[in-house]
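Each remark here refers to the structure printed beneath this line.
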Amino acid sequence: MTKLKIPSYVFTITHKYHHHPRFLLLAAATITTTPIFSQAYHFLALQSPTMMPTRIATPHFNHKHLECLNSVQELPDSYEWTGVDANSSGDSPITESVPVIDLTDRNASEQVGHACKIWGMFQVTNHGVPDSLLNDVESAGRSLFALPAQQKLKAARSPDTVAGYGPARISSFFNKLMWYEGFTICGSPLEHARQLWPHDYTIFCDVTEKFEEEMNQLAEKLMWLILGSLGITKEDVTWAWASSKGDFKAALQLNFYPPCPEPDRAMGLAAHTDSTLFTILYQNTVSGLQVKREGAGWITVPPLPGALVINVGDLLHILSNGVFPSVVHRAVVNRTNHRLSVAYLYGPPAGVPISPLPKLVDSAHPPLYRPVTWTEYLGIKAEHCDKALSLVRLLCQKTDSMIL
């Protein structure tokens, strides 16, 4: 085994500043880019154990968990989120809501850009996706989650994969369970669909594949509306259209929230940001999506007939050099109604380094993040959850005679 050698000045700096919050950010931001600090990573983690979030356990489902979601009359302790008001909208009166944008409007690009900058989220109408297809994908999702527990577990996600049936991927960072079950599709749904419906899987496959095709077309349109609002052209991001770089990557996430006996003490999906460029979400008529708004707390994003919700992800935040916030959002549950949503998680070609666009960088606006591929970033997010962005951030402000 190679002996870990840590330079003496690392100990000196750490001893002096290890309680300094900006030092913790420095350590988090540099371990992936600076060999010396990469070598000292475990030392820093031991000095400040709270610097990095820790996985509780690998998330998984079993029969007991599924029976609980569908039959209990009282909320088990394992699902109780103490101190969380699931329906809280903050102390301030709410006088505004997430923007709703008509994509046929001549000023759609400007409106989209403003919504991305101010909210990090918006809803779109007249987006071109047929209502009939939205109804079909909702029906397909309901059919999946209505299957017996034993049948759904045949398509359970394995610990080292993304696709399949199971709990939220962020579950392992929390010591309480979420009132939620999900199904992830990466590429073709055929393998898992055959496990769920051995003799009648084609309907589910046809609907989800058609939905993915429509989502991809809409995502491409939205991508250029968003970039166009920043004055970015195709010449500025050749990786986004050059076939030699490969296609954009995406995944489809079906989310299901059964009725909960005590919704005010439970959580559907904990607060998080997405690891995408952006996410397109279809939600049925049952409310539950909430976005965190500074100064206003949690604001509900109401379902609108035929509308789709768009939210900025971490990679678009990086690409815009921080202009567009990666919005924190969550899902709450209710006592009487099932809620279903379908998320299209849109990202760049897996191997393309994503960094602040050159047009958005100058002496007054230095790059805030180092280049990172989606593959690498997903790995960082899987290990460190909400600390992922800080791990790829470049800090250059001087504080206490330290370069932070």
Side-chain angles (χ1 to χ4, degrees), residues 50 52-72 75-84 86 141 144-145 147 149 152-186 192 251-276 279 281 283 288-290 292 298 311 313-314 326-334 338-343 345 377-389:
T50 59
M52 302 294 181
T54 303
R55 282 186 177 276
I56 305 299
T58 301
H60 66 281
F61 270 168
N62 53 43
H63 287 278
K64 184 178 180 181
H65 176 85
L66 294 177
E67 290 172 0
C68 181
L69 285 177
N70 292 282
S71 63
V72 298
L75 190 73
D77 290 342
S78 57
Y79 288 90
E80 181 180 354
W81 288 62
T82 305
V84 176
L144 188 159
F145 294 112
L147 289 171
K152 287 185 285 191
L153 289 172
K154 291 181 179 179
R157 181 194 306 128
S158 62
D160 58 344
T161 61
V162 174
Y165 174 76
R169 298 292 295 181
I170 61 173
S171 298
S172 59
F173 291 98
F174 300 90
N175 58 12
K176 293 294 183 178
L177 299 175
M178 301 176 202
W179 204 259
Y180 168 96
E181 50 185 312
F183 186 80
T184 309
I185 300 172
C186 298
H192 284 125
L252 198 64
Q253 178 68 45
L254 283 70
N255 308 302
F256 189 67
Y257 309 89
C260 179
E262 299 179 73
D264 292 344
R265 297 168 56 218
M267 180 61 65
L269 190 60
H272 65 285
T273 62
D274 291 347
S275 306
T276 57
T279 300
L281 183 80
Q283 53 177 344
L289 175 64
Q290 294 185 330
K292 190 69 175 292
W298 291 104
N311 69 265
D314 293 348
S326 183
V327 65
V328 177
H329 55 287
R330 69 180 185 181
V332 297
V333 292
N334 70 85
H338 294 82
R339 179 172 181 267
L340 185 142
S341 67
V342 184
L345 311 170
Y377 189 75
L378 286 173
I380 297 172
K381 194 74 174 273
E383 289 298 320
H384 304 296
C385 198
D386 61 344
K387 301 297 188 294
L389 275 174

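Remember, predicted model here, so these are calculated numbers, not experimental data.
Formation of a donor-acceptor pair under 3.5 Å by the K152 side chain with backbone atoms of Y165 is not found in this model. The main-chain N or O of Q283 is never found under 3.5 Å from a side-chain atom of R339 such that the two would form a donor-acceptor pair. Looking only at distances, a side-chain donor or acceptor of H329 sits under 3.5 Å from a matching main-chain atom of V327. Side chain of K292 to backbone of H272: no donor-acceptor contact under 3.5 angstrom is found. Formation of a donor-acceptor pair under 3.5 Å by the S326 side chain with backbone atoms of D314 is found in this model. Counting only distance, with no hydrogens or angles, the side chain of W81 and the backbone of A270 share no donor-acceptor pair below 3.5 Å.
Between P261 and L75, the shortest heavy-atom distance links the atoms CG-N, 4.0 Å. The two residues V333 and G268 come nearest to each other via the heavy atoms CG1-CA, 3.7 Å. Residues L340 and F145 approach most closely at CD1-CD1, 4.0 Å, considering heavy atoms. When all heavy atoms of P167 and Y180 are compared, the closest pair comes out as C-CE2, 3.8 Å. For the residue pair A163 and C186, the shortest heavy atom distance occurs at CB-N, 4.3 Å. Taking every heavy atom of both residues into account, P258 and L69 meet most closely at CB-O, 3.7 Å.
L177 CG to D77 CG: the interatomic distance, rounded to the nearest 0.5 Å, is 11.0 Å. K176 contributes atom NZ, which lies 7.0 Å from atom OG of S78 (distance to the nearest 0.5 angstrom). One finds the SG atom of C385 at 5.5 Å from the CZ atom of F174 (value rounded to the nearest 0.5 Å). Annotation: the span from K154 atom NZ to L147 atom CG amounts to 10.0 Å, rounded to 0.5 Å. To the nearest 0.5 angstrom, R169 atom CZ is 13.0 Å from L269 atom CG. How far SG of C260 is from CE of M267: 11.0 Å, rounded to the nearest 0.5 Å.
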* **Verdict with supporting geometry, L345 and Q253, side chain to side chain contact (heavy atoms under 4.5 Å, CB included)** => CA-CA 7 Å; L345 311 170; Q253 178 68 45; 4.2 Å; yes

* Asked: So L252 and V342, side chain to side chain contact (heavy atoms under 4.5 Å, CB included) or not? Walk me through it.
  -> CA-CA 7 Å; L252 198 64; V342 184; 3.8 Å; yes

* To do: Report the C-alpha separation of H192 and F183 in whole Å, then their side-chain angles, then the decisive distance to 0.1 Å, and conclude whether the side chain to side chain contact (heavy atoms under 4.5 Å, CB included) test is met.
  => CA-CA 10 Å; H192 284 125; F183 186 80; 3.6 Å; yes

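Side-chain contact between T184 and R157: present, with at least one pair of heavy atoms (C-beta onward) separated by less than 4.5 Å.
By the 6.0 Å and 45° rule, R330 stacks over the aromatic ring of W298.
Of the options T273, D274, L389, a side-chain contact (heavy atoms from CB on, under 4.5 Å) to K381 is made by T273 and by none of the others.
For Y257 and W179, the ring centers are positioned 6.0 Å apart or more. Two rings, from F256 and H338, have their centers less than 6.0 Å apart.
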